[in-house]
Number of protein chains: 2
Amino acid sequence: MTEDPAASTAPARAAYHHGDLRAQLIAAVRELVETHGPDGFSVAEAARRAGVSSAAPYKHFKDRPAILRGVVSEAMDRLRAAMEAGAASYPAGSIEAVAAVGRAYVSFARAEPGVFRLVFGLTEGHETAPDLQSKGERCFGVVVRAAAACLGLPPENSDVQARAYMLWSFVHGHSFLTIDKKSNVASDRIDDWFYLLTVSGAILGLPIRR
Amino acid sequence: MTEDPAASTAPARAAYHHGDLRAQLIAAVRELVETHGPDGFSVAEAARRAGVSSAAPYKHFKDRPAILRGVVSEAMDRLRAAMEAGAASYPAGSIEAVAAVGRAYVSFARAEPGVFRLVFGLTEGHETAPDLQSKGERCFGVVVRAAAACLGLPPENSDVQARAYMLWSFVHGHSFLTIDKKSNVASDRIDDWFYLLTVSGAILGLPIRR
DNA sequence: TGCCAAAGTGAGTGATTCTAACATATGTAA
DNA sequence: TTACATATGTTAGAATCACTCACTTTGGCA
């Protein structure tokens, strides 16, 4: 019982008492949410996978929603990092950079549909979570900056903000429809990259590349 | 105990044994989902509100997810009816009719954010629910027909399908971002009707009215 | 070394989902 | 009208879960 190397997908059980249980719990919950759906997760099962008693999680999280919020917070960090990496992989100010932000968004939703749904389906305790709110705004900020650079306008410009919001709406909706498998008729036939380029160009008012 | 007129918001208790429990349960669950969030609902509470024992619901629904699916099914009927009514309130083939479909969509999300989230957040038993799948496709069909009429092309045309999908993505994303209160900075300032007209026009390739 | 706080355990409470066995009302056919 | 089959309800109970409390163990620190 000193070691348990086959503990789900968590890298390893560090120690009997001291291990970084908090991170391991978040990883376990993320996995559960991904496989069993956002509401098919239980604190008891997560604790079981982490190899601790069912009361241990409450030393690190106040509540069941608090655990969910931890997962969401971590996921939003990764999402924003992916968006920024997408923007950085193309010349600053190019429309390709804008589309790459959207592409990163859709890719994240495809790779982790359960977590993605959780991020934008969290309602309980949402009002009392200023850090999640601010992280959401930072994600939006990535879109705003890319659009601003592309348009040659300051990010505070209202037109930039509006166009960034439209871009985000489209990409957000496309992500949801994709993972929901609704209307796969059109979704499957679509090359996302071309679509994102097309729509980004149209929304930003730039000529569309063919 | 023959009458119980103050039973939540359900119109009235029809009879002791015979009442239309199924419809009343769906109404109670819809209400619970709306007030306490999609996962803050319990079969026991719904039964309590309908004035029956906690085992009664299982005579009408196989499962907890089955009840949710019943609510979703009913909601999708209403959503489609609202979209069709929106389209019908403007001349057939007009861009205003297309935008009205989107407006109905956003209005529904605003009016019933909990149910809306449930409709597109349902994952459990989703694969074994062909009626929900077909209802989703019928909703998409409303968009397709409006776009086809506007473009003067048959609904089966692939360009029509793709543009309809883009329209739906945008409207869907806008709905979600609106009810999630993310990035209210831009969302609040927006006149939806003008936006929908603008985007609809851009996506359909028609001149944008100013 | 001795003490304190952090971190984990085990048992227990109340609520939940769902099943099983039983009771009652409704509709149909003799 | 009576008798049966079925739909619809009930109570009781098993299994699970969220969460709390009292207790124990461990690591850090003066």
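Please read all numbers here as calculations on a predicted model, not as lab measurements. All chains are named by letter (A, B, ...) in the order of the sequence lines, taking the proteins before the strands, and each is independently numbered beginning at 1.
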Item checked: Separation of atom NZ in B/K59 from atom C1' in D/dT11, rounded to whole Å -> 12 Å

Check: Can you tell me how far P of D/dA7 sits from CG of B/D20, to the nearest Å?
Finding: 18 Å

Notebook entry, point to check: What is the distance, rounded to the nearest whole Å, between atom CG of B/L25 and atom P of C/dC18?
Noted result: 14 Å

Note to self: Is it the case that the ring center of A/H172 lies less than 6.0 angstrom away from the ring center of A/F120?
What the structure shows: yes

Note to self: I'd like to know if the side chain of A/Y105 pairs up with that of A/H174 as donor and acceptor (distance under 3.5 Å, no hydrogens or angles considered).
What the structure shows: no

Next item on the list: Please state how far atom CZ in B/F61 lies from atom C1' in C/dT19, giving the value in whole angstrom units.
Entry: 18 Å

Notebook entry, point to check: Below 4.0 angstrom from OP1 or OP2 of C/dA6, is there any side-chain N or O of A/H60?
Noted result: no

Note to self: What's the closest nucleotide to the side chain of B/L21 if the choices are C/dT9, D/dT11, D/dG9?
What the structure shows: D/dG9

Checklist line | Length of the line joining A/Q24:CD and C/dA7:P, which is rounded to integer Å | finding: 14 Å

Check: Ion pair present between B/E34 and B/R30, side-chain N to carboxylate O less than 4.0 angstrom?
Finding: no

Note to self: Checking B/D63 now: which residues fulfil side chain to side chain donor-acceptor pair (under 3.5 Å) with it, not counting sequence neighbours?
What the structure shows: none

Report all interatomic pairs (protein N or O, nucleotide N or O of nucleotides 14-18 of chain D) with separations under 3.5 Å.
unit_1	atom_1	unit_2	atom_2	d
D/dC17	OP2	A/R48	NH2	3.1
D/dA18	OP1	A/V43	N	2.8
D/dA18	OP1	A/R64	NE	3.3
D/dA18	OP2	A/V43	N	3.1
D/dA18	OP2	A/A44	N	3.0

Margin query: Is it the case that the side chain of B/N157 and the backbone of B/V160 share a donor-acceptor pair, with hydrogens and angles ignored and the cut-off at 3.5 Å?
Written below: yes

Note to self: Between A/K135 and A/D131 (salt bridge meaning N to carboxylate O under 4.0 Å), is one present in this structure?
What the structure shows: no

Next item on the list: Can you figure out which of C/dG8, D/dT11, D/dT20 approaches the side chain of A/A56 most closely?
Entry: C/dG8

